[in-house]
**Student:** 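Dropping the structure in here first, questions after.
Labels below follow one simple rule: chain letters A, B, ... track the order of the sequence lines, proteins then strands, and each chain is numbered from 1. The model shown is predicted, which means the values in this text are computed figures rather than measured ones.
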Protein chains: 2
Amino acid sequence: MNPLLFDFMKKISYRHIGGKISLNTKEIAAELGMSQQSVSRDLIILEDEGYVVRKRVKRGEEVVLTDKAFREFRNELNIMQYILKSSEEIEIEGILFTGLGEGSYYISREGYVSRIRQILGFVPFPGTLNLRVSEGYEIYVPILNSINGFEVQPFEQEGRKFGGVKILKARLREENVGIVIPERTHYENVLEIISTEHLRAKYGLKDGDKIKVVIPKNQGTDNL
Amino acid sequence: MNPLLFDFMKKISYRHIGGKISLNTKEIAAELGMSQQSVSRDLIILEDEGYVVRKRVKRGEEVVLTDKAFREFRNELNIMQYILKSSEEIEIEGILFTGLGEGSYYISREGYVSRIRQILGFVPFPGTLNLRVSEGYEIYVPILNSINGFEVQPFEQEGRKFGGVKILKARLREENVGIVIPERTHYENVLEIISTEHLRAKYGLKDGDKIKVVIPKNQGTDNL
DNA sequence: ATTACTACGTTCCGAGTAG
DNA sequence: TCTACTCGGAACGTAGTAA
């Protein structure tokens, strides 16, 4: 957003009544803490760029902020809200797809089940939801690795070795779910989600559906 | 707010995980669309001003945005929200006080009563609420004059002349009220509020109480 | 490999003043 | 009176390069 406009809206727009601000450049300058000359120049630029419409009147002028100006201002506001929100949680969108079905085998191993129950407070449904991260959200995936989640130690069972994973608490629709992050994976824009119920059935989900998961950056501690 | 910080937060802070951003100046520069040198200089400045804390690591550095940075960012956001809101309505705070009691006489004159009923849809309680505008809100009062409210024409009754006034629709707590603006007043940081009930009784208001009124800038039309 | 100083071109700001 | 042009100085941005 044009910084001129930004300043102008922040410092002047409260005077915007019935669509107009009635002021002269000297007064505006005083309120903005800049010179009359700069205000004059900036108004010309803002007018050129379609952010204000001006009309000369007796002792000054009327300045009208255009819809474009308000639209961009609101957009800027939305971006800032998103940033503040994303300083606390990450939202990732993905497309549901069917994997190789390995998830359901692994997740049923006792070593995982008991630990997941300890972390998430529920026995995982024997099957995972695979999400292929949508375009534009890939940048958030590596960030998941940096979040302090809950470690599941490697273990052996039935003569097989099962690798360590990290579990992140997350929300999907109204469900508390977990995201399984394999230790030292070459991350591939796929999220594997565990839940206590069969979410495909509960929500009527099918391959190709767009799903969003929200992951708090502060995952709490592992001392329950 | 420091524009450097602003840009930095808007473009980089999504990487802020577990309190840290791990990047080198070249990468930051690429994301911000500026040179490595400028990023370096800006980080030094942001550090000096207490907005970031830096720690050199192997292949770059970790940048921590401080609470101060988030606080100012959030503050900026609040200001912007307020501006957007105040482009639609004005909120004025004032202190309740007891006037000379004239209001109750004037407002009971038939010429006013019928017109107020037409405008606000209720018969005014015979008495007004006087609000002395709080410090910091004075700037909004002259603006009220510019709002297209509802005119009450001057009239004569019982051999006396009653001047024209302008009525603005407003809200006070959950009540629809009116604000009486005398024609060509030398405005004095006092708002006179009319309502359908005795608000002092209904809300237990007493002199010295802080009250807020909200006045929409778009008052609608007078054709009901 | 990464940060940051120097030096210099460009942009921005505002006093003077014209219109 | 008010807006806006000119122009000199300050601030900003970055290539080159040192640390």
**Student:** Identify the heavy atoms of A:Q36 and A:A29 that sit nearest to each other, and give their distance.
**Tutor:**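 Taking A:Q36 first and A:A29 second, the nearest heavy atoms are N-CB, 3.5 Å.
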**Student:** Rounded to whole angstrom units, what separation is found between the NZ atom of A:K26 and the P atom of C:dA15?
**Tutor:** 13 Å
**Student:** On the nucleotide C:dA15, are OP1 or OP2 found under 4.0 Å from the side-chain N or O atoms that A:R41 carries?
**Tutor:** no
**Student:** Taking the side chain of B:N24 as its heavy atoms from C-beta onward, which of C:dG14, C:dT2, D:dC2 lies nearest to it?
**Tutor:** C:dT2
**Student:** What is the separation between atom CG on B:D7 and atom C1' on D:dC12, rounded to the nearest whole Å?
**Tutor:**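 Going from B:D7 (CG) to D:dC12 (C1'), I get 13 Å.
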**Student:** To the nearest Å, how far apart are B:I44 CD1 and C:dT2 P?
**Tutor:** 17 Å
**Student:** Looking at D:dC2, C:dG16, D:dT14, which one has an atom nearest to any side-chain atom of B:Q37?
**Tutor:** D:dT14
**Student:** Please check if the number of heavy atoms outside B:N78 that lie under 6.0 Å from its CG is greater than 12.
**Tutor:**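 Yes - once you tally the heavy atoms of other residues, nucleotides and ligands closer than 6.0 Å, there are more than 12.
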**Student:** Would you state whether a donor and an acceptor, one from the side chain of A:Q36 and one from the base of C:dG14, lie under 3.5 Å apart?
**Tutor:** no
**Student:** Quick check for you: among C:dT3, C:dC5, D:dT3, whose closest atom lies nearest to any side-chain atom of B:S40?
**Tutor:** C:dT3
**Student:** When we call it a touch if two heavy atoms are under 4.0 Å apart, what does A:L43 touch: a base, just sugar-phosphate, or nothing?
**Tutor:** nothing
**Student:** Without decimals, in angstroms, what is the distance between A:L46 CG and D:dT3 C1'?
**Tutor:** 15 Å
**Student:** With respect to the phosphate group of C:dG14, does any side-chain polar atom (N or O) of A:S35 fall under 4.0 Å of OP1 or OP2?
**Tutor:**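 Looking at the OP1 and OP2 atoms of C:dG14, one of them is under 4.0 Å from a side-chain N or O of A:S35.
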**Student:** Has A:T25 got a side-chain N or O lying under 4.0 Å from the OP1 or OP2 atom of D:dC2?
**Tutor:**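 A:T25 to D:dC2 OP1/OP2: no side-chain N or O under 4.0 Å.
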**Student:** Roughly how many Å is it from CD1 in A:I45 to P in D:dC5, rounded to a whole number?
**Tutor:**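 Answer to the nearest Å: 11 Å.
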**Student:** For the helix from C:dT2-D:dA19 to C:dG19-D:dC2, what angle lies between the axis at the first five pairs and the axis at the last five pairs, to 10 degrees?
**Tutor:** 30°
**Student:** Could you tell me which non-hydrogen atom of B:L120 sits nearest to which non-hydrogen atom of B:V177, and how far apart they are?
**Tutor:**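 Minimum heavy-atom contact is CD2-O, 3.9 Å.
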**Student:** Is it true that atom CD of B:E135 has more than 12 heavy atoms of other residues, nucleotides or ligands lying nearer than 6.0 Å?
**Tutor:** no
**Student:** Of all the nucleotides listed (C:dA15, C:dT3, D:dT3), which has the minimum atom distance to the side chain of A:R54?
**Tutor:**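 Of C:dA15, C:dT3, D:dT3, D:dT3 is nearest to the side chain of A:R54.
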**Student:** Looking at A:E49 and A:K68, is any side-chain nitrogen of the basic one under 4.0 Å from a carboxylate oxygen of the acidic one?
**Tutor:**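 Between A:E49 and A:K68 there is no salt bridge, as every charged N stays at least 4.0 Å from the carboxylate O atoms.
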**Student:** Report the distance from atom OG of A:S104 to atom CD1 of A:I194, rounding to the nearest 0.5 Å.
**Tutor:**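 Going from OG on A:S104 over to CD1 on A:I194, the span is 13.0 Å.
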**Student:** Checking A:E88 now: which residues fulfil salt bridge (charged side-chain N to carboxylate O under 4.0 Å, His left out) with it, not counting sequence neighbours?
**Tutor:**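 Partners of A:E88 under the salt bridge (charged side-chain N to carboxylate O under 4.0 Å, His left out) test: B:R74.
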**Student:** In whole Å, I'd like the distance from the CE atom of B:M34 to the P atom of C:dT11.
**Tutor:** 16 Å
**Student:** Mind calculating the distance between NZ (A:K55) and P (D:dT3) to the nearest angstrom?
**Tutor:** 15 Å
**Student:** Once you round it to whole Å, what is the distance between P of C:dC13 and CG of A:D42?
**Tutor:** 6 Å
